[in-house]
Amino acid sequence: MDLRNSCVANPTGKKTPSLKQSSGNHAFVDQSIVILDFGAQYTQLIARRVREQNVFSAVLSCRASLAEIKSYHPVGIVLSGAPWSVYDKDAPPADVHVFDLGLPVLGICYGLQFMVHTLGGKVRPAEKREYGHAEIDIVSDSVLFQGLAKKLAVWMSHGDEALELPPGFELMAKTHYAVAGIQNVAKKWYAVQFHPEVHHTPQGTQILRNFVFQICGAKPTWTPRHFITSTIEQMKQKVGTGRAICALSGGVDSSVAAVLVDRALRDGRGKSRLTCVFVNNGLLRKDEFEKVQKTLRDRLGLRLDAVDASDRFLGKLAGVRDPEKKRKIIGNEFIKVFERESRRIEKNEGKVKWLVQGTLYPDVIESRSVRGPSQVIKSHHNVGGLPEKMKLELIEPLKDLFKDEVRKIGRELGLPEEILQRQPFPGPGLAVRILGEVTRERLALLRECDDVVVSEIKEAGLYSKVWQSFAVLLPVMSVGVMGDQRTYACTCAIRVVTSEDGMTADWVQLPNEVLKVISTRIVNEVKGINRVVYDITSKPPGTIEWE
């Protein structure tokens, strides 16, 4: 099973919300491969490749303490790539005592240079930089290349090279221009200058597999069942006899989180100490408030309180145009509603201490600069949009996972496919799909446009084949002609993308006929729209959502 996880460090020095620490899962991990991230674009691919071997992998900031690293019970360490040179003044640091842990270490690209630089060798700018496809020669026997040919196609991305190797190291692979791999067999320290985690290195998975199993001695025990069992046990210990509420949206993430915690908090008579709260913030899709209630009560059997707080949210958003302000307002208002509901429950059932959220890894890394030198992209309402002080403590059982992994967990739990196959919907809802001010009138327009898009994508049999499909209302008015009359109306953008985990995405080349039907229906059926455009931007450089 492919089960990536999140980093947990916060090297920015910025104050994070006082949540008394949300609940993670690693306390129940008996082994892992810890990946120290120096800010590379491929770090999550390393984690994915390890998880594909049914071995737990933990991505931590390169600044993570030794205590934090040890808390994951690592059997091996991977040092990621980075967009830096090790001799740069601002190059991201790592605790050099990581080499004193007695664990196997694999350096990748910058990781190789960090090992050389730290352990007594020399790194310099290369006379010839290597980017893209390359061929390496394996010149020494190595467990890392066990079962592979002596010549390998690889993917390079570096402008520095190892000039002198540290004591105890030998060359194990090279290109025509530079060192491609080194090893210290006695210490079980290995490093490669290329990227084995990308598909452009055809034998890369085998190289990582050799490191994980042959060198680190890991066991392939990380499975959906293991995750579910360990999470439920952790929730029982964490919450004890207390009560919790769950922020439930009806999407995959919050539904899986709710079922997990619900199973942990049921007593011997089957009564649950979890109350799920579904809030209508006025930013939901067409008819969603009613449909979600029916699905969650009838199909999942959860205790559900449905709260209509649309006036509250829309009142706070009045006149707000900045997307970051929107997200933070929505995050704050959600917490206020949950705290109000918790007080209501306490009057009849006892104190509520915990708030369960379906936070995923992309929410975390896009909301905070947690991966070494990586940057904040946008604040998610359930992470960066949280208030500084909260009365409830967070439980986030899925914060180490990506969407595809959560769906696997959901299937193991027996959730119906109609829930598991729902496309992601942002927590701030339609507020981040309306560029500019959010008003009831603009929401009404967007709901109708979005309903057309989703219904036609389903009609074409594409809904479960793409990552997301939705409409965006642009702050652009344009001239049109309808029925021989001049119009001056709004513009709607259509966004359809494919992705594995939401971290990167490609726009979908929809069939012309599907685009034609969507455009025609929107212009004909949604009064106030006279122009439809299609977004053909991938991520990066764009994000999936427009705000």
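Partners of D506 under the salt bridge (Lys or Arg N to Asp or Glu O under 4.0 Å) rule, at least two apart in sequence or in another chain, do not exist in this structure. Residues satisfying the ring-ring contact (aromatic ring centres under 6.0 Å, His included) test with F169, not counting sequence neighbours, are none. Legend: residues meeting salt bridge (Lys or Arg N to Asp or Glu O under 4.0 Å) with D535, ordered by chain and number and at least two apart, are R495. Residues satisfying the ring-ring contact (aromatic ring centres under 6.0 Å, His included) test with W189, not counting sequence neighbours, are F99. Shown here are the side-chain contact (heavy atoms from CB on, under 4.5 Å) partners of A264, two or more places apart in sequence or in another chain: I232, M235, K236. Here F145 pairs with nothing under the ring-ring contact (aromatic ring centres under 6.0 Å, His included) rule; sequence neighbours left out. By the side-chain hydrogen bond (donor to acceptor under 3.5 Å, both in side chains) test, Q206 pairs with R209, N210, sequence neighbours left out. Taking P202 as the reference, A153 meet the side-chain contact (heavy atoms from CB on, under 4.5 Å) condition, with sequence neighbours excluded. The salt bridge (Lys or Arg N to Asp or Glu O under 4.0 Å) check on D141 picks up K150, with sequence neighbours excluded. Residues passing the side-chain contact (heavy atoms from CB on, under 4.5 Å) test with A471, sequence neighbours excluded: L446, C449, D450, V453, C492, I494. Remark: K89 engages no residue in a salt bridge (Lys or Arg N to Asp or Glu O under 4.0 Å) (not counting sequence neighbours). Remark: L163 engages K122, R124 in a side-chain contact (heavy atoms from CB on, under 4.5 Å) (not counting sequence neighbours).
A salt bridge links R49 with E52: the distance from a Lys NZ or Arg NE/NH1/NH2 to an Asp or Glu carboxylate oxygen falls below 4.0 Å.
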